[in-house]
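Quick note on labels: first sequence line is chain A, next is B, and so on, each numbered from 1.
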There are 4 protein chains.
Amino acid sequence: MHTQQPWPNGARIAVLLAIHFDAETLWTSRDPANWERPGTLSMGTYGGKVGVPNVLSVLQEYKLKSTFFVPGWTAEKYVDRMEAILAAGHEVAHHGYSHQWIDPKFPEREREELERGLSVLKSRYGVKPSGYASPAGETSPNMMELLQEHGFTYDATLMDQIDPYRTVLKDGSLGPVELPWHWNIDDACYSLFSRAQPRPIFPNSQIFEIWSEEFTEIYSKGGFFHLVLHPQVIGRPVRIALLRRMLEFILSHQGVWVATGDEIARTWLQANPERREPYQIG
Amino acid sequence: MHTQQPWPNGARIAVLLAIHFDAETLWTSRDPANWERPGTLSMGTYGGKVGVPNVLSVLQEYKLKSTFFVPGWTAEKYVDRMEAILAAGHEVAHHGYSHQWIDPKFPEREREELERGLSVLKSRYGVKPSGYASPAGETSPNMMELLQEHGFTYDATLMDQIDPYRTVLKDGSLGPVELPWHWNIDDACYSLFSRAQPRPIFPNSQIFEIWSEEFTEIYSKGGFFHLVLHPQVIGRPVRIALLRRMLEFILSHQGVWVATGDEIARTWLQANPERREPYQIG
Amino acid sequence: MHTQQPWPNGARIAVLLAIHFDAETLWTSRDPANWERPGTLSMGTYGGKVGVPNVLSVLQEYKLKSTFFVPGWTAEKYVDRMEAILAAGHEVAHHGYSHQWIDPKFPEREREELERGLSVLKSRYGVKPSGYASPAGETSPNMMELLQEHGFTYDATLMDQIDPYRTVLKDGSLGPVELPWHWNIDDACYSLFSRAQPRPIFPNSQIFEIWSEEFTEIYSKGGFFHLVLHPQVIGRPVRIALLRRMLEFILSHQGVWVATGDEIARTWLQANPERREPYQIG
Amino acid sequence: MHTQQPWPNGARIAVLLAIHFDAETLWTSRDPANWERPGTLSMGTYGGKVGVPNVLSVLQEYKLKSTFFVPGWTAEKYVDRMEAILAAGHEVAHHGYSHQWIDPKFPEREREELERGLSVLKSRYGVKPSGYASPAGETSPNMMELLQEHGFTYDATLMDQIDPYRTVLKDGSLGPVELPWHWNIDDACYSLFSRAQPRPIFPNSQIFEIWSEEFTEIYSKGGFFHLVLHPQVIGRPVRIALLRRMLEFILSHQGVWVATGDEIARTWLQANPERREPYQIG
């Protein structure tokens with residue numbers, strides 16, 4: 001039997017569809033030389049031009065709300081897409097300014113990226129983001145403190161749990177709620193080929209097998225399922241078929257609550273105001 | 001329902017079988033030291049000796065026309081193969097001279113590669129190519145201007161769209177038609193193992209699953225499907241079986257127009273003389 | 001027909017479920033810079049926070065005993081988990097102190113890692129380990145001598161056999177029993193993706209096919225099956241389903257003896273007190 | 001319909017089971033530092049200790065003859081295994097002395113490796129090899145001349161054809177018969193994981209699909225099928241099941257001639273004494 005969950009209407013599992021709308025910054029943060037490589041960049045541009053409309057169309061088809069994590073650079077370039085995302089009622093969350101990977105040798109860059117991203121979302125779209133996902137799944141204790149300082153409700157970067165939990169800052173005080181994820185349920189691991197990094201490309205049936213079995217096991221106990229999707233990956237025609245298949249699989253279960261990161265984090269927090277994890281990272 | 005398409009006879013989807021006849025240049029452009037490695041080079045030679053005849057034979061079996069993108073070096077070496085390609089009525093397009101990867105630090109090399117390739121195709125085969133595919137999926141704003149200067153109708157290098165579109169040059173004027181592709185529908189991602197770059201080798205059923213689901217999704221809306229094939233990969237016995245399977249799958253659909261890049265680009269251009277894309281690359 | 005085996009009750013195959021409880025040390029031994037990367041580290045923390053309880057729960061469900069190979073660092077951090085492992089009656093064996101990879105240029109580090117690990121297991125848990133598995137499948141002649149000097153019954157590091165055998169030290173005398181393994185039957189080869197080392201992630205059906213066919217072939221002759229599992233890999237929801245499936249497959253055979261490394265090594269040794277292998281390594 | 005083939009008894013396809021008995025040299029030729037890594041080396045030792053007996057047993061079960069390509073170092077160490085191979089009537093061919101990869105900057109090493117290997121095979125086993133396979137699929141024009149100078153009948157290194165053909169030396173004279181292969185039908189591409197080079201490990205069903213479809217396509221026209229196997233890979237329990245499955249598949253066809261490299265090369269040569277290939281490599 002599944003354990004008691006904090007989700008509304010007795011839901012057994014909360015599902016976050018986290019759309020990482022990196023566009024070109026996915027490539028330029030890997031290697032700044034990619035700014036001079038239109039071929040490589042064009043994979044990112046696809047995310048903005050075609051991927052986001054494709055994903056929005058599927059979400060509308062299934063009447064689902066999701067969270068778009070958007071670097072400031074992308075928000076500045078893809079104004080139409082941002083307006084379409086917001087008009088459809090999705091949450092917009094923070095994903096850095098230039099998708100720069102955190103380097104612990106340069107903590108001042110963390111503040112710069114965070115504040116520049118905040119400024120774009122606020123000034124152009126009137127959005128004060130509730131959540132943050134750090135680029136490429138890496139973060140720092142300093143970044144966690146910055147999130148708390150700026151009043152973020154949740155972070156969506158770490159992989160040390162399945163269920164949400166409360167982070168603890170260096171001084172021992174409580175930080176943002178963590179909404180954990182894992183590479184297993186991220187589309188980029190299975191399909192993000194490039195000349196410089198030729199990752200293998202897998203068929204939908206294999207990706208679906210992994211995602212659906214992860215979902216099934218979590219569902220059996222109740223909990224949280226955090227699927228990470230990139231419009232430049234999941235927005236390709238072949239992967240739109242995968243997205244539909246996965247959403248139909250999820251929605252075929254009873255007691256599923258598909259919600260935004262903000263809704264999930266706040267709901268969890270209300271039910272667990274003081275819960276602490278047994279082990280810290282590192 | 002699918003949207004209105006510009007293709008002849010009410011066709012719903014245009015299909016380009018883009019044969020990248022790199023031969024040895026695939027390997028020497030990765031690493032010039034490969035000129036001294038007959039084992040590695042022999043994979044490229046297979047493309048010319050065995051792969052091209054195998055592919056031509058399948059195309060003839062299904063009465064299909066395709067476009068062969070050929071580096072000048074390859075055209076100079078494989079004269080018999082070039083004559084067989086042209087005699088069978090296929091289009092020959094430009095693919096550089098030595099398959100050299102574009103390095104933005106050396107723009108003058110781009111002109112040299114382009115003009116040397118043009119010269120070989122013209123002087124030996126009387127071909128003035130209408131289309132160009134840049135080696136390894138990378139290009140530059142300078143190369144796009146060179147293509148326009150030399151009167152190319154189309155480029156087949158970028159990955160930011162599914163449907164054809166009109167490129168815009170640095171000065172804002174219109175450039176060649178772009179016929180976009182993607183790594184997903186390129187045979188080399190699934191089977192091009194080498195000692196120095198040991199990519200995984202996938203079975204036909206998995207490659208077919210990816211290619212056919214990409215086709216199916218595009219077909220459902222109508223559009224353009226651009227399959228990239230290398231004689232040294234698809235011309236292996238095991239992959240000839242995949243090529244037949246994929247062609248039979250494509251041809252089992254109604255409203256499929258298999259055509260050359262030139263036919264597709266000109267047809268699209270006639271229907272969309274002034275259409276511009278919403279977002280540029282980078 | 002299978003050959004006569006030394007296992008109790010006429011068992012045909014001995015099965016060792018070797019749980020490598022590396023936690024964060026898996027990552028810090030690959031690259032010490034990972035100490036400053038909470039995102040990467042969090043995959044290891046998952047092993048301690050969630051993976052170990054998940055694995056213990058499945059082992060209890062099937063009433064099986066296994067051997068946990070634990071680096072000293074991990075044993076110091078995850079006290080609750082260690083106590084739960086010991087309370088459930090599993091064997092705890094040695095896996096270095098910091099999971100440091102052996103570098104033959106620094107033999108003195110081998111003694112330091114071994115003795116520091118021994119000290120943690122002894123002083124905190126009263127455990128004098130009978131077995132040792134070297135981190136990342138690498139060892140040295142010096143380490144083999146150290147194991148003999150400290151009275152270890154078995155080593156579980158090499159891949160040159162299927163069945164257990166007796167190692168021979170540099171001076172020709174007999175060393176610990178070897179319990180051989182292989183990458184094929186290690187979960188980390190199929191699912192341990194990271195940003196810096198993006199290994200492909202495979203679905204359960206493919207991993208199960210490889211593991212079960214390896215088991216079946218060994219079972220047909222009788223012998224030893226050594227499955228290597230990491231709580232941070234096999235403890236993910238999707239892989240818990242694989243673990244159950246594999247255990248059910250194993251237990252569906254007659255004459256299966258699932259035992260700890262210590263039980264298997266001592267049983268083998270009693271039956272083969274003086275057996276030597278025909279070929280040494282290298 | 002298949003074309004006329006030179007094989008005996010009207011056979012449609014000649015099959016070479018090429019066993020590359022590298023043992024430890026597979027690893028030490030990749031990186032000499034592996035001489036100090038017993039864990040890595042133990043994968044190679046498995047090939048000699050367990051893999052070769054396993055492979056010999058399967059070949060005997062199906063009453064098949066094959067060719068073992070053996071580096072001199074391996075022939076010196078695994079005397080029992082060499083005697084078993086020869087006693088069972090298999091061909092022993094040349095595979096270098098230390099499996100050293102050819103570096104065109106050091107042509108004198110090529111002669112040294114060749115002559116040292118010849119000397120071991122002659123002095124210890126009375127074998128004057130008829131064939132040679134160059135380590136890791138790489139060779140040089142100089143090596144081809146050395147093979148001709150030493151009276152080799154065939155080389156088994158290049159990938160530019162399916163059928164056997166006659167090599168041409170730098171001076172235009174005819175060299176050894178080439179028995180071409182390809183990575184697609186080599187077991188090491190699918191299963192040779194190591195810590196330093198973590199190649200993906202594939203299940204038997206996928207490898208069988210690739211190998212059997214390559215065979216089927218060649219069989220449909222008639223020709224030559226050259227399967228490359230390594231005792232340390234195919235001799236693992238899981239892969240012994242693959243070997244049996246593949247042999248049963250091959251032998252279920254009519255008109256299959258499984259023969260040694262020497263038999264195949266001489267038979268082909270008799271039928272095609274002066275045939276030259278249209279294109280040279282490079």
Correct closest heavy-atom pair for C:Glu209 and D:Asn204 would be OE2-N, 3.3 Å
Counting heavy-atom pairs under 4.5 Å with chain D, the top scorer among C:Ala136, C:Ser134, C:Pro278 is C:Ala136
*Distance-only, no hydrogens or angles: does the D:Lys49 side chain make a donor-acceptor pair with backbone N or O of C:Ile281 under 3.5 Å?*
no
If one checks every heavy atom of D:Trp27 against chain C at 4.5 Å, the contacting part turns out to be neither
* Could you tell me whether the side chain of C:Leu158 reaches within less than 4.5 Å of the side chain of D:Tyr46, counting heavy atoms only? => no
Closest heavy-atom pair, C:Glu214 versus D:Val238, reported as atoms and distance to 0.1 Å, is OE1-N, 2.8 Å
Checked D:Met43, D:Gln206, D:Arg236, D:Gln232 vs chain C; the most non-hydrogen pairs under 4.5 Å come from D:Arg236
Between the CH2 atom in C:Trp183 and the CZ atom in D:Arg199, the distance rounded to the nearest 0.5 Å is 14.5 Å
Turns out that what part of C:Gln280 lies under 4.5 Å from chain D's heavy atoms comes down to backbone
Assert top hit (heavy-atom pairs under 4.5 Å, partner chain C, pool D:Gly39, D:Ala23, D:Ser191) equals D:Gly39
- Query: More than 12 foreign heavy atoms under 6.0 Å from CD of D:Glu36: is that the case here?
  - Reply: no
If you tally heavy-atom pairs under 4.5 Å between each of D:Thr25, D:Asp80, D:Ile240, D:Ile201 and chain C, the highest tally belongs to D:Ile201
Check: Around atom CD of C:Glu108, are there more than 12 heavy atoms of other residues, nucleotides or ligands at under 6.0 Å?
Finding: yes
### Task
Without swapping roles, check the side chain of D:Glu24 against the backbone of C:Gly282 for a donor-acceptor pair under 3.5 Å.
yes
For C:Ser140 and D:Pro38, the nearest pair of non-hydrogen atoms, with its separation, is CA-CG, 3.7 Å
Inset, instruction - Identify whether the distance between the nearest side-chain nitrogen and carboxylate oxygen of C:Glu213 and D:Arg245 falls below 4.0 Å. - result: no
Mark yes when over 12 heavy atoms from residues, nucleotides or ligands other than D:Glu61 sit less than 6.0 Å from its CD; otherwise mark no. yes
Worksheet item: For D:Gln60, does the CD atom have more than 12 heavy-atom neighbours from other residues, nucleotides or ligands under 6.0 Å away?
Response: no
Scored by heavy-atom pairs under 4.5 Å with chain D, the best of C:Asn184, C:Ile218, C:Thr157 is C:Asn184
So, the part of C:Tyr279 with a heavy atom under 4.5 Å from chain D: the answer is both
Please verify the inter-ring angle class for D:Phe202 with C:Phe202; under 30° counts as parallel, over 60° as perpendicular, anything in between as tilted. perpendicular
When the 4.5 angstrom heavy-atom criterion is applied to D:Val233 and chain C, the contacting part is neither
*Give a yes-or-no answer on whether the side chains of D:Thr40 and C:Glu138 include a donor-acceptor pair shorter than 3.5 Å.*
yes
So, the part of C:Phe225 with a heavy atom under 4.5 Å from chain D: the answer is neither
With chain C, the option among D:Pro198, D:Ser194, D:Ser205 that has the most non-hydrogen atom pairs under 4.5 Å is D:Ser205
Output for pair (D:Asn54 CG, C:Glu217 CD), nearest 0.5 Å, gives 7.5 Å
